[in-house]
Structures are given as C-alpha cells and as structure tokens.
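As the structure lists them, so they are numbered: ligands from 1, and atoms in each ligand from 1.
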Amino acid sequence: MPAMSTVESFDYVVFGATGDLTMRKLLPALYHRFRDKQIPSDSRIIGAARSQLSDDDYRGRADKALRRFVKADALDDALITQFLGMVFYASVNGAEAESSWDNLLRLFGDEVRDRIRVFYLATSPELYGPICANLSAQGLVTEAARIVLEKPIGHDLDSARRINDEVGRFFDEKKIFRIDHYLGKETVQNLIALRFANPVFERIWSADAIDHVQITAAETVGVEGRGDYYDNSGALRDMIQNHLLQVMCLVAMEPPGSLEADDLRNEKLKVLRALKPITEADVAHVAVRGQYGRGQVGHEIVPAYLEELGEGRQSDTETFIAIKAEVHSWRWGKVPFYLRSGKRLPAKVSEIVVQFRETPWSIFPTRLEANRLIIRLQPEEGIQLSVMNKVPGGDGMNLRPANIDVSFEQAFGARYPDAYERLLMDTVRGDPVLFMRRDEVEAAWTWVEPILKAWKTQPGTLHHYSAGTWGPEAARTLIRSTGHGWHEQTS
Ligand code: BG6
C-alpha cells in the first residue's frame, strides 16, 4: 500500500452523531485511519445531536458501532480504547439558536482556535442552513473551519439552490465539501487512470467505437430502517442524481487539463450540461421506475417495500429506476448511457459496461460478439474485456469470446478502504478534488427535475417487480433497441 501521510491534528464535529451514517460509516472510517496512523491522537471527534448523552454514553454507542461495522481482523481492544479517548459528545439542537450550543462551545476554548475544525452535517438537508447560521452566530466558524454536506443536497433544484445559498452565506465555496461517497471509491477514482493513463482505451472512447454504456448500482438490501428518509427520496434522488451521474461524468468527460479540483470539475460539469434534456413528455419513453414486492433474495424471503414501510402505508416511491441518458457532444453523438439502480435486486454490484460496436463486416462463419469492457466498481473490483478467439483444434475457424480479466485484489493485494476513509481525510487536508462543486449539484438537479415532475402527475407509470429479480420487464424493453440486454450479474 502506498504510504499514508499523517494529517494535522483536528477537531471533527459530526452533527447527526447518533444516526445510521455516523455509526455505520463515519466512525468506522475514522477508526481505520487512526489504525493506519494517519490521525494524530490529540485530534478530537465530537458527536453532536439532540439526545441527552454523556461523553461516556456516546463512547459506549461508538464502541458498539465499531464492533458491528469494522471487520473482525481490524478490531483491536487497546486501539479501540485509545480511539474512544478521542471521542466526545455535545447535546446540541443544531437548528435552534438556543442555550444547548453551550454544550459544544465548552469544547472550543482559545487553545484549539487555530486548529483545523470540520463540521460534518449528517442531518436532514433542511437543517444545513440553520446549523451554519448558528455555527456562525456562536463564533465557531474560524479561518480553519470547513463544512461537509452529505447528499442529497435538497430534494429538487429550488431547495438545492436555497441550501447552497444559505450555506454560502457563512462558508466560502472553497470551504464547502459536498460529499458524494462514490467519488471516494478507489475504483471510481481509477476511472481517471484507466482512461487517461492508457491510450489504448482513450483512442476508442467515443461514438466511433462505442455502441452504448450501461452503469448499474444494484443492491440486495431493502430500505433498512431508513424508510422515512427513503420514502421521501426514492432511487432517482438517492442514487441517480448524484452517484450514477457522477460516475457517468467520469466515463464521458474530456481529458481534464490537470488533476486539480477545478480542472476536473469543469469537465464533469460540461458533461452534466451536455445531457439531452428530458422533457416531461419524454419521460415515459426514456425512464422506467419500479417498486419491489415480496420475494426471495438469496435464501431469504423478504417483505414488500410497502410492508417494510409499516402497516397500512401507501406509497408510489420508486425503489428501482432505469433511464436512458444522452450526452450531446462531438465525442458521444447519439451513444446512449443507460443508468440503472435498484434495491432488493439479486446481487450487490456496481459496474460500468462499455459495449463496443460490431465489426463492420465479418469473414467468419460464426457469429461475432462485439467486444465489451466491464469495469467492476464493487465488489470483486476489476476489469474484464471480452475478446473473440479461435477455439483451438478442429478443422474450421470456430470462434468464441473469452475474457481478459484483471482482478484488482490479485494485482494489488490491498484492502479496499471504504470511500469515507479517503473523503474524511480529504476534508481535513482541505482537498476538494473528490467533492462536488455547487454548479455540478445544480446541473444534476436541473436534468433530473422534469422526471420528478412527470412522475408526480403520472402515478400509473410505477411498475412492480418481485424482490430478488432484476426489476420490471419494462427496464429490459428500454434497452432492447440496442440489440443487447442488460449485463446481469449472476455470481
Ligand atoms: C447511499 C444511499 O448514498 O448509497 C443508500 O443513500 C445506498 O440508499 C448507498 O444504499 C449505496 O452505497 P454503496 O457504497 O453501498 O454502493
């Protein structure tokens, strides 16, 4: 593994400290980086939430979370005790300018005034503005302060703009880190290396050679106790507006001038702005939404989405979406990008499939399969390129596809750090390269919004699928015109 440089000592304040994201992702990520000696031991992690808890109560919760969400081979009792020594808690109602802020202020005397301080907002986005206003009113926004905003930023374009305005009143754009954790995944960063360090790909990376691209993020889990959040969100807001569009940008963008944050973000923004607008009238032809019913995932019979929400609940929130996007640019012409994401599908897999065009003419008796490049983002990270080969033996020229297969685990033998590990350290270092700029977030909402609007007025367009299947039949119909199907993951 390349060496990790130790960051400067910091104070990391997490609002929403008792929530699922903090327990499942943020604390384990910080623990891993502490274990890898990247975090100096005089740093502090300060949980902030409304519950009345003592430091020790919160340490107890953090301890449980680490034992549940960190893999056994990385757990070490002595290290956990040391880590928990860095953890503190402040009971704060972040949205209200009331006296509970004293609980946080008591931790910030003059002696830590110049230290890096990061405020991570893992709360409902409606609270981002009020929390920032209060941080400022309480004098907590110092020169070395920065703010981290979890996605989703808002629930539509207007609310995203409002939140960005509100936060922007107290923090300079350079101090705002909008997280999209897909950008922190090693394999997503590797897209930049794959494309721009290997001319063999870049030469054929266009409509000349590429028939279409599929980007899938499939999950086996349901809404996992996050029903209230999810039901107001749905797969389009939860996965497409951010994660899948960001991945698509990295696949479709032009070579950036450098790896500097703004060079990269400018190129991503151009892709978002070049997306063919989807009008409300188009939606039925280019987007399919579905909701899972009861079914079998692996060996388990799982309840329907509506049952998971709770008795008697009705909802037309989509837990599956497939959508056809087009990047209107010289490079991409009419190449479709099919984006697909869903819960309760048969496998947990995120991947990009680049389907190349067929040979213009064939001299072989056997049918040729066009080359296909599969970039596995997770799990079993790696790259597969299917190529046609002569089957050895026999007296004819029989061909069959076989894969050139690179497993990153075999090639590099390294643990794949969780995306949040890298991103949290980047916020401490103040490195914005893997974060979304305001204009990117707003451009993504601009594209998504007509779809949201159309669905509101077309309730009949919600398809149903059984848990454990690859979504509604209509998703297969959507891609059929390419002459190919979705690349289904069968492992
Ligand atoms: C989150 C979504 O952003 O990403 C979740 O809110 C989803 O609903 C998760 O489960 C998927 O992330 P990953 O890294 O497991 O693909």
Side-chain angles (χ1 to χ4, degrees), residues 16 19-26 28-29 32 68-71 120-125 148-155 160 177-191 214-248 250 289-292 297 302 305 308-309 315 317-321 339-352 375-381 408 415-424 434-436 440-441 444-445 448 467 471 489:
D20 187 65
L21 180 77
T22 309
M23 295 297 162
R24 192 183 286 267
K25 292 286 184 186
L26 306 185
H32 271 295
R68 182 160 168 220
F69 296 116
V70 172
K71 285 212 179 105
Y120 192 118
L121 308 191
T123 64
S124 150
V148 186
L149 307 179
E150 232 331 299
K151 66 127 263 261
I153 315 268
H155 58 272
F177 292 78
R178 296 181 190 80
I179 286 233
D180 180 315
H181 79 273
Y182 263 59
L183 293 178
K185 289 184 192 285
E186 290 286 334
T187 43
V188 172
Q189 294 166 52
N190 190 46
L191 289 172
Q214 303 177 14
I215 303 178
T216 294
E219 298 185 273
T220 51
V221 292
V223 287
E224 292 190 299
R226 296 161 72 224
D228 285 341
Y229 153 75
Y230 195 86
D231 201 47
N232 284 315
S233 171
L236 180 59
R237 290 187 176 96
D238 189 50
M239 294 294 289
I240 304 284
Q241 188 271 342
N242 32 72
H243 304 325
L244 269 71
L245 281 183
Q246 283 289 322
V247 170
M248 195 189 93
L250 295 176
R289 61 174 175 151
Q291 189 187 81
Y292 60 84
V297 181
V302 299
Y305 174 71
E308 276 189 81
L309 279 187
S315 164
T317 297
E318 79 287 355
T319 58
F320 174 96
I321 174 164
L339 313 180
R340 171 176 69 155
S341 183
K343 296 213 182 267
R344 291 292 194 215
L345 301 187
K348 164 91 181 161
V349 56
S350 297
E351 67 181 14
I352 301 161
I375 305 167
R376 279 294 288 267
L377 302 179
Q378 63 183 23
E380 291 150 34
E381 294 81 0
F408 293 155
R415 172 181 81 88
Y416 266 78
D418 188 81
Y420 279 96
E421 294 180 37
R422 164 77 193 261
L423 295 175
L424 294 185
L434 298 176
F435 296 83
M436 294 180 295
E440 287 179 79
V441 174
W445 277 122
V448 155
Q489 185 57 42

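Ser341 contributes a side-chain N or O that, together with a main-chain N or O of Ala217, makes up a donor-acceptor pair within less than 3.5 Å. The backbone N or O of Gly234 lies less than 3.5 Å from no partner atom in the side chain of Thr317, so there is not a single donor-acceptor pair. Looking only at distances, no side-chain donor or acceptor of Arg422 sits under 3.5 Å from a matching main-chain atom of Gly184.
Considering only residues two or more places apart in sequence or on other chains, Tyr230 meets the ring-ring contact (aromatic ring centres under 6.0 Å, His included) condition with none of them. Checked against ring-ring contact (aromatic ring centres under 6.0 Å, His included), Tyr305 has the following partners two or more places apart in sequence or in another chain: Tyr292. Shown here are the ring-ring contact (aromatic ring centres under 6.0 Å, His included) partners of Tyr420, two or more places apart in sequence or in another chain: His181.
Near ligand 1, heavy-atom contacts under 4.0 Å come from Lys151, His181, Tyr182, Lys185, Glu219, Arg226, Asp238, Met239, His243, Lys343, Lys348, Gln378.
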